[in-house]
Student: 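Please see the structure below; I have some questions.
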There are 2 protein chains.
Amino acid sequence: MPRLDESLLTHLPPFDGLSRTDIRRILDGAVSRRFEIGADIFREGEPADRFFLLLDGYIRVVRSTEAGEQITVLHIPAGQLFGIARAIGRETYPGRAVAAAECIVLCWPTGLWDDFTRQYPGFSLSTARTVGVRLGEIQSRMQELATLHVEARIATALLRLITQTGRPTEAGVEIDFPLTRQDLSEMTGTTLHTVSRLLSAWQREGVVQSQHRRITVLDRARLEACAQHRG
Amino acid sequence: MPRLDESLLTHLPPFDGLSRTDIRRILDGAVSRRFEIGADIFREGEPADRFFLLLDGYIRVVRSTEAGEQITVLHIPAGQLFGIARAIGRETYPGRAVAAAECIVLCWPTGLWDDFTRQYPGFSLSTARTVGVRLGEIQSRMQELATLHVEARIATALLRLITQTGRPTEAGVEIDFPLTRQDLSEMTGTTLHTVSRLLSAWQREGVVQSQHRRITVLDRARLEACAQHRG
DNA sequence: CTCAATCTTTGAGCAAGCGCAAAGTCCGAC
DNA sequence: GTCGGACTTTGCGCTTGCTCAAAGATTGAG
């Protein structure tokens, strides 16, 4: 494995402000791995013996019901720690982490968590913040599920996606990884049929453009208007 | 104010295992307060300058949408810390805490948080666990909202309530504080009308018994069956 | 006791969105 | 190229649960 470059970490919240030697030491404890689209990074219920930093890509964390339905509880954009069950005192991962795009991650054994916490002063606060942000996000999504109609929920989901991973094109903003109707339905608590119908309608109106597993938002303002509609 | 008794804390997770003098010191930094039913303990967006331990009662944490709808994101049973926005790096409370029953709380200024964390070894891990449990709960509720029908969601909510605060009576298990149809609808993302209709139906079938703001579950097994029904 | 406020019940009509089904399309493997 | 699998589209019928409306019940204040 190639030696990892220190600049990978110097600007990320949990590590910024650390000395070169500290960062060198942190990197030397890490393993870098690549995951193809659709690959599982960890599974629900597995012992949480590693934690990760997402260098590049996009991850979704899903939970399954007993009936086999999946719902996406969380999205993780590049630059964030994840799989930090340890930080909240859990022994196992509470969900399955799937690579939504091709992902490059750094991976440490959980044992190092306590070392990092002890040795690097800002680390603990920084990860607490990460947890806090996630808690807030989940609460927002819960609120959306409880109060918004399907149309507004899907609009919100698309807006979130283009904000986090959008790539500008000549026509609009494209979501930077393949996304099925099924995926969107799992994010919004609906069915792939309803998502398909809605995207078709939006396409007819020129709000979005979509081919096979590719979605481009053409008219962001219109989506925002949809997202406002209360149910 | 009467001097607080040390036995209040000796068996609660964040403090168990501490010496009498430590507990004495912790109690001396606390203020004890009482809140009537319906009173706000803190409000959404207020600076998080205090944190709390719920000695007795029951609290619900609600968030409001711009349209004024409220949804309950969390319930806190007696014995738990709450208002610990500080532990997750937040400056303000992310929701409103309402006394669902009459509540007795201990209250510390946020400044002491760091002291506790530094001085009492288990405190930090214990609060991290609390955060972890809450995150898990919220994810479960999100999953329910996304996948279950209203009937199953209300059944689940009732079961949770009688588990956390149920008081056995001759007929069944009564929820130990006043609870309106509106409250239940805010917990389950539906309307008070639907809740009312459903409770009426259940009452006809002998599953629950309810008068004004009082609900008793007579047939727990039947509710559990309802909660299983997928939608 | 009386009144007002809050909470609850119930009806009727309606629309959102689901389930089912079938056909069409795209893509990668070979 | 061709084949199979995964993904998408669309129609139709129907159920769930919402909205609107109005009346009844319970409680607490004065």
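Below, chains carry the letters A, B, ... as their sequence lines are ordered, and counting in each starts from 1.
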Student: Whole-Å distance between D/dT8 P and A/Ile154 CD1?
Tutor: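 Answer to the nearest Å: 13 Å.
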Student: Return the set of residues passing side-chain contact (heavy atoms from CB on, under 4.5 Å) with B/Gln209 (not counting sequence neighbours), or none when no residue passes.
Tutor: B/Gln203, B/Gln211, B/Thr216, B/Leu218
Student: Whole angstrom is fine here: how far is it from CG in A/Leu198 over to C1' in C/dC18?
Tutor: 14 Å
Student: Looking only at side-chain N and O atoms, does A/Thr130 offer a donor or acceptor that is under 3.5 Å from a partner on A/Thr127?
Tutor: no
Student: Rounding to an integer number of Å, can you tell me how far A/Leu148 CG sits from C/dG17 C1'?
Tutor: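 The answer, rounded to whole Å, is 15 Å.
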Student: Taking 4.0 angstrom as the limit, do A/Glu224 and A/Arg220 come out as a salt bridge?
Tutor: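 Yes.
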Student: Starting from C1' on D/dT9, measure out to CH2 on A/Trp202 and report it in whole angstrom.
Tutor: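 In whole Å, D/dT9 C1' lies 17 Å from A/Trp202 CH2.
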Student: Please tabulate, for the side chains in residues 45-56 of chain A, all donor-acceptor contacts under 3.5 angstrom to protein atoms that are two or more places apart in sequence or on a different chain.
Tutor:
from    : atom 1 : to      : atom 2 : distance (Å)
A/Glu46 : OE1    : A/Arg43 : N      : 3.4

Student: Using the C1' atoms of five pairs at each end, what's the angle between the two axes of the helix from C/dC1-D/dG30 to C/dC30-D/dG1, to 10 degrees?
Tutor: 50°
Student: If only side-chain N and O atoms of B/Thr191 are considered, is one of them under 4.0 Å from the OP1 or OP2 phosphate oxygen of D/dG17?
Tutor: no
Student: Any donor-acceptor pair under 3.5 Å linking the side-chain atoms of A/Arg181 with those of A/Thr194?
Tutor: no
Student: Could you encode protein contacts along nucleotides 6-15 of chain C as a string, one character per nucleotide from 5' to 3', using B for base contact, S for sugar-phosphate-only contact and - for no contact, with a heavy-atom cut-off of under 4.0 Å?
Tutor: -SBBBBB---
Student: Look at B/Glu144 together with B/Arg153 and state whether they make a salt bridge at an N to O cut-off of under 4.0 Å.
Tutor: no
Student: Using the test ring-ring contact (aromatic ring centres under 6.0 Å, His included), find all partners of B/Tyr93 that sit at least two apart in sequence or belong to another chain.
Tutor: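 With sequence neighbours excluded, B/Tyr93 shows a ring-ring contact (aromatic ring centres under 6.0 Å, His included) to B/Phe42, given in chain and number order.
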Student: Could you list the donor-acceptor pairs under 3.5 angstrom formed by side chains in residues 70-79 of chain A, with sequence neighbours left out?
Tutor:
from    : atom 1 : to      : atom 2 : distance (Å)
A/Gln70 : OE1    : A/Arg96 : NH2    : 2.9
A/Gln70 : NE2    : A/Ser64 : OG     : 3.4

